[in-house]
Asks: 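Quick one: this structure, given as C-alpha cells, is what I'll be asking you about.
Keep in mind it's a predicted model, so treat the numbers as computed, not measured. These values consider heavy atoms only, across backbone and side chains, with no hydrogens, waters or symmetry-generated copies.
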Amino acid sequence: PVEGSFSFGVVDDMIADARANDLRLVLLWFGSWKNGQSHYIPEWMKADFKRFPRVKGENGKSLEILTPLSQACLEADARAFAALMRHLRQVDEMNRTVIMIQVQNEVGIIGSPRDHGDAAASAFNAQVPEELMDHLERNRNNLLPETNEIWGSSGFKTEGTWSEVFGTGDKVDELFMGWHYADYINKVAQAGKAEYPLPMFVNAWIVQASDKRPGDYPSGGPQAHMLDIWRAGAPDIDL
C-alpha cells in the first residue's frame, strides 16, 4: 500500500497451506499488468500519471495500461518483484514449495496496436535496437514466416527506424510493442533471479477467430507469431 513497504502475509499463508497438503506452487506475479491491463497496480501508482505514464491509444486517449516504455514503471515493478523473490528465498529455499514464477499475465495493449505516447513515438522513430537486429540476423534461417514477411518488406534491412526496417501498419506496431514488453519483463525477471533464480515464464492471451487486428487481442504479447521477438527481448524468461 506504501511505496517501498511490503507485506508477505498472503504469500506465507499460501506456502503454509501448500506444505500442509503436500503441494507445490507456481506463483503468478501481476505487478504491472494482468489480462493486458493495469487494474491491480497500487493506489500510489494509479494516482500518479506523470511519474507512471499510461499507454495512449490511436485516438490520443489514455488507456488503463502502464506503458512498458517507462523507466519509472519498470524500476517500481522490478524493486517489488526482487523483494518478493528475496523473501521466497528466505522462507522457502530449503523446502522448494514454490517451484516456478509466471512474470506478468497476458500482457499487451487492449484497444490499440501500439502506444502513441511521447516516449513510444520517439522510440518508434528511432533506430531499431541492435540487440533485436543482431538476434534476427543470427537466426535468419530459422525465423517464423510471420517475421520473415514483415522484415522482408524492406529487403531485410539491418538498420534504420522501425518503419524503415519493418514497414508500416498494425503488424509493425505489434512487433514494436512486443519488443518493449519483452525487454521490460526480462529486466523484471533479471531483478528477481538475482535474488532467487527460480524458473520463470510468460503466458499469452490467445488470438480469437473474431479478432480483426492487434489491439482486439493484447498487442505485443507473446502470442505464437511473436515468439521471435520475445526470444530476442526476453532471454532470461525460461518458457
Asks: For residues Glu130 and Met133, determine if any side-chain heavy atom of one lies less than 4.5 Å from a side-chain heavy atom of the other.
Replies: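 In short, these two side chains do not touch, never coming nearer than 4.5 Å.
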Asks: Once you round to the nearest 0.5 Å, how far does CG of Leu23 lie from CE of Met14?
Replies: 12.5 Å
Asks: With heavy-atom distances below 4.5 Å as the criterion, would you say the side chains of Asn203 and Glu106 are in contact?
Replies: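 Contact flag for Asn203/Glu106 side chains = yes.
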Asks: Is Arg140 positioned over the aromatic face of Trp151, cation under 6.0 angstrom from the ring centre and no more than 45 degrees off axis?
Replies: yes
Asks: For side-chain hydrogen bond (donor to acceptor under 3.5 Å, both in side chains), just list the numbers for His116 and Glu58, CA-CA rounded to whole Å, side-chain angles, deciding distance to a tenth of an Å, and then say yes or no.
Replies: CA-CA 6 Å; His116 289 266; Glu58 294 169 295; 5.2 Å; no
Asks: When you group the ILVMFWY residues by side-chain heavy-atom contacts below 4.5 Å and let the links chain together, are Met100 and Trp230 in the same group?
Replies: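 Hydrophobic grouping puts Trp230 apart from Met100.
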Asks: Using every non-hydrogen atom in the two residues, find where Arg51 and Ser70 come nearest and quote the distance to one decimal.
Replies: O-OG, 4.1 Å
Asks: Quick check: is Leu25 connected to Val11 through a chain of hydrophobic side chains (ILVMFWY, heavy atoms under 4.5 Å apart)?
Replies: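 Yes.
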Asks: Please lay out, stage by stage, how Lys46 and Arg54 fare under the test side chain to side chain contact (heavy atoms under 4.5 Å, CB included).
Replies: CA-CA 10 Å; Lys46 286 188 177 184; Arg54 285 15 174 223; 4.0 Å; yes
Asks: Run Phe166 and Val128 through side chain to side chain contact (heavy atoms under 4.5 Å, CB included) and show every step you take.
Replies: CA-CA 9 Å; Phe166 299 113; Val128 177; 4.0 Å; yes
Asks: Does Asp216 reach the main-chain N or O of Arg213 with its side chain, forming a donor-acceptor pair under 3.5 Å?
Replies: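 It does hold such a pair.
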Asks: May I ask you to decide if Leu66's main-chain N or O and Ser38's side chain share a donor-acceptor pair within less than 3.5 Å?
Replies: yes
Asks: Of all heavy-atom pairs between Phe49 and Ser62, which one has the smallest distance, and what is that distance?
Replies: CE2-OG, 3.8 Å
Asks: For the pair Arg86 and Gln90, evaluate side chain to side chain contact (heavy atoms under 4.5 Å, CB included) and give the outcome as yes or no after the intermediate values.
Replies: CA-CA 6 Å; Arg86 184 163 54 249; Gln90 291 168 352; 3.8 Å; yes
Asks: With a 4.0 Å cut-off on N to O distance, would you call Lys187 and Asp183 a salt bridge?
Replies: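 Looking at Asp183 together with Lys187, the answer is yes, because their closest N to O distance falls below 4.0 Å.
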Asks: Give the ring-plane orientation class for Phe81 versus Trp29, where under 30° counts as parallel, over 60° as perpendicular and anything between as tilted.
Replies: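 Tilted, since the angle between the ring planes falls between 30° and 60°.
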Asks: With distance as the sole test, does Gln208 use its side chain to make a donor-acceptor pair with the main-chain N or O of Ile206 at under 3.5 Å?
Replies: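 At least one qualifying donor-acceptor pair exists.
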Asks: When rounded to the nearest 0.5 angstrom, what distance separates CD1 in Ile41 from NZ in Lys34?
Replies: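 Reported value, rounded in 0.5 Å steps: 14.5 Å.
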Asks: Any side-chain heavy-atom pair from Ile110 and Leu63 closer than 4.5 angstrom?
Replies: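 The answer is no; the side chains never approach within 4.5 Å.
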Asks: Roughly how far, to the nearest 0.5 Å, is CG of Leu227 from CD of Glu146?
Replies: 9.5 Å
Asks: Any side-chain heavy atom of Leu69 sitting closer than 4.5 Å to one from Phe176?
Replies: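 Side chain of Leu69 against side chain of Phe176, heavy atoms only: contact under 4.5 Å found.
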Asks: Nearest 0.5 Å, what's the CG-OG distance between Asp170 and Ser112?
Replies: 8.5 Å
Asks: Spell out, as yes or no, whether a donor-acceptor pair under 3.5 Å connects the side chain of Asp228 to the backbone of Leu144.
Replies: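 Yes, the answer is positive, given that a donor and an acceptor are paired below the 3.5 Å cut-off.
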Asks: Could you walk me through whether Leu88 and Leu27 pass the side chain to side chain contact (heavy atoms under 4.5 Å, CB included) check?
Replies: CA-CA 11 Å; Leu88 288 178; Leu27 298 183; 4.0 Å; yes
Asks: Taking the side chain as every heavy atom from C-beta outward, state whether Lys50 and Phe52 have any atom pair closer than 4.5 Å.
Replies: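 Side-chain contact under 4.5 Å: no.
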Asks: Are Leu28 and Val10 linked, directly or through other ILVMFWY residues, by side chains that come within less than 4.5 angstrom of each other?
Replies: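 No, Leu28 and Val10 fall in different hydrophobic clusters.
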Asks: Using modelled atom types and a 3.5 Å cut-off, is there a donor and acceptor pairing between side-chain atoms of Lys212 and backbone atoms of Ser210?
Replies: yes
Asks: Where do Gly117 and Lys56 come nearest, in terms of heavy atoms and distance?
Replies: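 Nearest pair, atom of Gly117 first, then Lys56: N-CB, 3.8 Å.
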Asks: About how many Å separate CZ of Arg114 and CG of Leu175, when rounded to the nearest 0.5 Å?
Replies: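 One finds 12.0 Å between CG of Leu175 and CZ of Arg114.
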Asks: Before you tell me yes or no, could you show the steps for Arg19 and Thr97 under side-chain hydrogen bond (donor to acceptor under 3.5 Å, both in side chains), namely the whole-Å CA-CA distance, both residues' side-chain angles and the distance that decides it to 0.1 Å?
Replies: CA-CA 7 Å; Arg19 289 176 185 169; Thr97 312; 2.9 Å; yes
Asks: How close do Phe124 and Ser163 get, counting heavy atoms only, and between which atoms?
Replies: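 Looks like CE2-OG, 3.4 Å.
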Asks: Would you check if Met226 and Glu174 make a side-chain contact, meaning some heavy-atom pair closer than 4.5 Å?
Replies: yes
Asks: With the 4.5 Å side-chain cut-off for hydrophobic clustering, are Ile101 and Tyr196 part of the same group?
Replies: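 Looking at the clustering, Tyr196 is in the same group as Ile101.
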Asks: Report the distance from atom CG of Asn35 to atom CD1 of Ile65, rounding to the nearest 0.5 Å.
Replies: 11.5 Å
Asks: Keeping the roles fixed (side chain from Lys171, backbone from Ile150), state whether a donor-acceptor pair exists under 3.5 Å.
Replies: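 Pair absent, no side-chain N/O of Lys171 close to backbone of Ile150.
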Asks: Main chain of Ala182, side chain of Asn186: is a donor-acceptor contact present, judged purely on distance under 3.5 Å?
Replies: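 Not confirmed, Asn186 side chain does not pair with Ala182 backbone.
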Asks: Shortest non-hydrogen contact from Trp162 to Pro129?
Replies: CZ2-CD, 3.5 Å
Asks: If hydrophobic clusters are built by linking Ile, Leu, Val, Met, Phe, Trp and Tyr wherever their side-chain heavy atoms come under 4.5 Å apart, do Tyr217 and Ile185 end up in the same one?
Replies: no
Asks: Side chains of Glu64 and His39: does their closest heavy-atom pair fall under 4.5 Å?
Replies: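 A side-chain contact under 4.5 Å exists here.
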Asks: Verify, without hydrogens or angle tests, whether Asp238 (side chain) and Met200 (backbone) share a donor-acceptor contact under 3.5 angstrom.
Replies: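 Yes, the answer is positive, given that a donor and an acceptor are paired below the 3.5 Å cut-off.
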Asks: Do any N or O atoms from the side chain of Trp205 and from the backbone of Ser219 form a donor-acceptor pair under 3.5 angstrom?
Replies: no
Asks: Quick one: do His225 and Gln223 satisfy side-chain hydrogen bond (donor to acceptor under 3.5 Å, both in side chains)? Show the steps, please.
Replies: CA-CA 6 Å; His225 63 279; Gln223 286 85 10; 5.0 Å; no
Asks: Any heavy-atom pair between the side chains of Arg231 and His135 that's under 4.5 Å?
Replies: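 The answer is yes; the side chains approach within 4.5 Å.
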Asks: Around Asp13, counting heavy atoms of other residues, nucleotides and ligands shown, do more than 12 lie under 6.0 Å from its CG?
Replies: yes
Asks: Within the supplied structure, the quantity of interest is the number of heavy atoms (other residues, nucleotides, ligands) at a distance under 6.0 Å from Phe201 CZ; does it exceed 12?
Replies: yes
Asks: Quick check on side-chain contact (heavy atoms from CB on, under 4.5 Å): which of Asp118, Asp115, Leu74 does Thr67 satisfy it with?
Replies: Asp115
Asks: Between the side chain of Asp77 and the main-chain N/O of Cys73, is any donor-acceptor distance below 3.5 Å?
Replies: no
Asks: After noting the C-alpha distance and the side-chain angles of Tyr184 and His180, does the key distance pass the ring pair (Phe, Tyr, Trp, His ring centres under 6.0 Å) rule?
Replies: CA-CA 6 Å; Tyr184 183 114; His180 285 288; over 10 Å; no
